Amino acid sequence: MSDLTGWTCPVPLRDYPRVVLGHGGGGQLSSELVEHLFIEAFGDGVKSELHDGAIISADHGKLAFSTDSYVVRPLFFPGGSIGDLAINGTVNDVSMCGARPIALSAGFILEEGLEMATLGRVVRDMAQAARRAGVRVVTGDTKVVESGHADGLYINTAGIGLVPRGVDIRPTRAAPGDVVIISGPIGLHGIAVLSQREGLEFGTTIQTDSAPLNGLVADMLAAVPDIHVLRDPTRGGLAATLCELANAAGVGIAIEEDLIPVPADVASACAFLGIDPMVIANEGRLVAIVAEGDLDQLMKAMHEHTHGEGAQVIGRVLDEHPGIVTARTRFGSQRIVDLPLGEVLPRIC
């Protein structure tokens, strides 16, 4: 038996003796792992600031800092690859703090035997994505592991950005009366990866929505500097994002299912697979929460941007049922939107 001397927290995750895939899925298992192990280990003050990145005070303003690791399988999928995903994902996490991303790092875990042509293609995708986002990869690291230990390659990226003065975007700022917005159709990324991985055909090619959102966020802030919350609904999808925000701010969130934009091909694929589109990961969408008085101006700015032209109001923030998200169905009934337990579609980012 392992020596647990010195542990100050319970074994995380409902008595799981070992890590399971669901611990990385962005749902309840991930949340419990972070709360009961990582936060406990890394000190006070972290829990209240759980976000896509951290805000750090500097001499001449504030910086946003974020990091993420990418283990998507397969390495290439309709509309993208692990390379552009690694750039876009970290650019977006920094942007969700209201910051302008300025620099990234890139760390590579390479598997022995990986073809150089494959690595070259991934790196070129990363370079093109960085240019599109207007950021530079300025530092990095490379490690190689034995054959069979890395599915070809894994990538870690970290990013820093500058937070404009007066911008204060945090999950805890969601307030009763605020409006909840999604920037475009959901579910595309997860279904694109799954279809490629499993060889599924749905009568059409569903492409990832992976895209850098820093330009959209900049236009949104130019129109409405006092956006309360931004979050990109990646692992765990829209459902996990809304549940996390409701819990962080101690508010209720009520959404209308009929208002959530779900492409017909995604809806058909989800129906075939028995999956709720709200739990499918997205890589080029954001959730915004804003005061109702700023709604029209913000929606105008979003609709004028390529990555926000499908923006849609999907719900409101309430003072009722704090910490709980409800959805009104197309039949007029209401259901509780649960935080997914684990990852419905593992290894999609």
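Scope of the values below: all heavy atoms of this structure, side chains included, with no hydrogens, waters or symmetry mates. Not measured: the values here are computed from a predicted model. Starting from 1, each residue takes its place in the sequence as its number.
- Interatomic distance, Met220 CE to Met299 CE, rounded to the nearest 0.5 Å: 9.5 Å.
- Salt bridge status for Asp219 with Lys300: absent, with no side-chain N to carboxylate O gap under 4.0 Å.
- Tyr70 OH to Ile82 CD1: the interatomic distance, rounded to the nearest 0.5 Å, is 9.5 Å.
- Judged by distance alone, with hydrogens and angles left aside, the side-chain atoms of Thr90 form no donor-acceptor pair with the main-chain N or O of Ile87 at under 3.5 Å.
- A distance of 11.0 Å separates CG of Leu110 from OG1 of Thr118, quoted to the nearest 0.5 Å.
- A distance-only check finds no donor-acceptor pair linking the side chain of Glu111 to the backbone of Leu153 [under 3.5 Å].
- By the criterion of side-chain heavy atoms lying less than 4.5 angstrom apart, applied directly or through intervening Ile, Leu, Val, Met, Phe, Trp or Tyr residues, Leu188 is grouped together with Leu200 in one hydrophobic cluster.
- Note: Leu216 CG to Met302 CE = 5.5 Å, rounded to the nearest 0.5 Å.
- A single hydrophobic cluster is not seen to contain both Ile336 and Ile253; linkage of ILVMFWY side chains at heavy-atom distances under 4.5 Å, directly or through other members, places them apart.
- The closest donor-acceptor contact from the side chain of Asn247 to the backbone of Gly323 lies at 3.5 Å or more, if one exists at all.
- Under the 4.5 Å side-chain heavy-atom criterion for ILVMFWY residues, a single connected hydrophobic cluster contains both Val135 and Val137.
- Looking at Thr157, Ile160, Leu104, Asp93 one by one, the single match for side-chain contact (heavy atoms from CB on, under 4.5 Å) with Ser66 turns out to be Asp93.
- For the pair Pro78 and Thr208, the minimum side-chain heavy-atom distance is 4.5 Å or more.
- No donor-acceptor pair closer than 3.5 Å links the side chain of Asn92 to the backbone N or O of Gly89.
- Hydrophobic cluster membership is shared by Val217 and Leu295, with clusters built from Ile, Leu, Val, Met, Phe, Trp and Tyr side chains linked at under 4.5 angstrom.
- Leu286 CG to Ile227 CD1: the interatomic distance, rounded to the nearest 0.5 Å, is 8.5 Å.
- Both Leu114 and Val72 are assigned to one and the same hydrophobic cluster, defined by single-linkage of ILVMFWY side chains at heavy-atom distances under 4.5 Å.
- Of the possible polar contacts, none joining the Asn214 side chain to the Ser95 backbone as a donor-acceptor pair under 3.5 Å is found.
- Between the His303 side chain and the Ala311 main chain, a donor and an acceptor come within less than 3.5 Å of each other.
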Determine whether Asp209 and His189 satisfy the following criterion, side chain to side chain donor-acceptor pair (under 3.5 Å), listing intermediate values before the conclusion.
CA-CA 5 Å; Asp209 61 359; His189 176 72; 4.8 Å; no
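- With hydrogens and angles left out, the side-chain atoms of Ser81 and Asp125 include a donor and acceptor closer than 3.5 Å.
- Between Arg347 and Asp151, at least one side-chain nitrogen of the basic residue sits less than 4.0 Å from a carboxylate oxygen of the acidic one, meeting the salt-bridge criterion.
- Contact of the His228 side chain with the Val317 side chain is not registered, since no non-hydrogen atoms from C-beta on lie closer than 4.5 Å.
- Between Asp226 and Arg173, at least one side-chain nitrogen of the basic residue sits less than 4.0 Å from a carboxylate oxygen of the acidic one, meeting the salt-bridge criterion.
- In this structure a side-chain-to-backbone donor-acceptor pair under 3.5 Å is missing from Arg285 to Asp232.
- Taken to the nearest 0.5 Å, the CZ atom of Phe108 stands 6.5 Å off from the OG1 atom of Thr142.
- A donor-acceptor pair under 3.5 Å is absent between the side-chain atoms of Ser333 and the main chain of Thr329, judged by distance alone.
- Formation of a donor-acceptor pair under 3.5 Å by the Arg328 side chain with backbone atoms of Ala254 is not found in this model.
- Side chains of Ser210 and Asn88: a donor-acceptor N/O pair is present below 3.5 angstrom, by distance only.
- Figure legend: Arg121 and Phe76 shown as a cation-pi pair, the cationic atom lying under 6.0 angstrom from the six-membered ring centre and within 45 degrees of its axis.
- With contacts defined as side-chain heavy-atom distances shorter than 4.5 Å, the pair Gln312/Ile181 does not qualify.
- For the pair Asp276 (side chain) and Met278 (backbone), a donor-acceptor distance under 3.5 Å is present.
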Verify side chain to side chain donor-acceptor pair (under 3.5 Å) between Thr67 and Asn156, making sure each step is shown before the conclusion.
CA-CA 7 Å; Thr67 186; Asn156 172 273; 3.2 Å; yes
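- Leu259 has its side chain out of reach of Val313: every pair of non-hydrogen atoms, C-beta onward, lies at least 4.5 Å apart.
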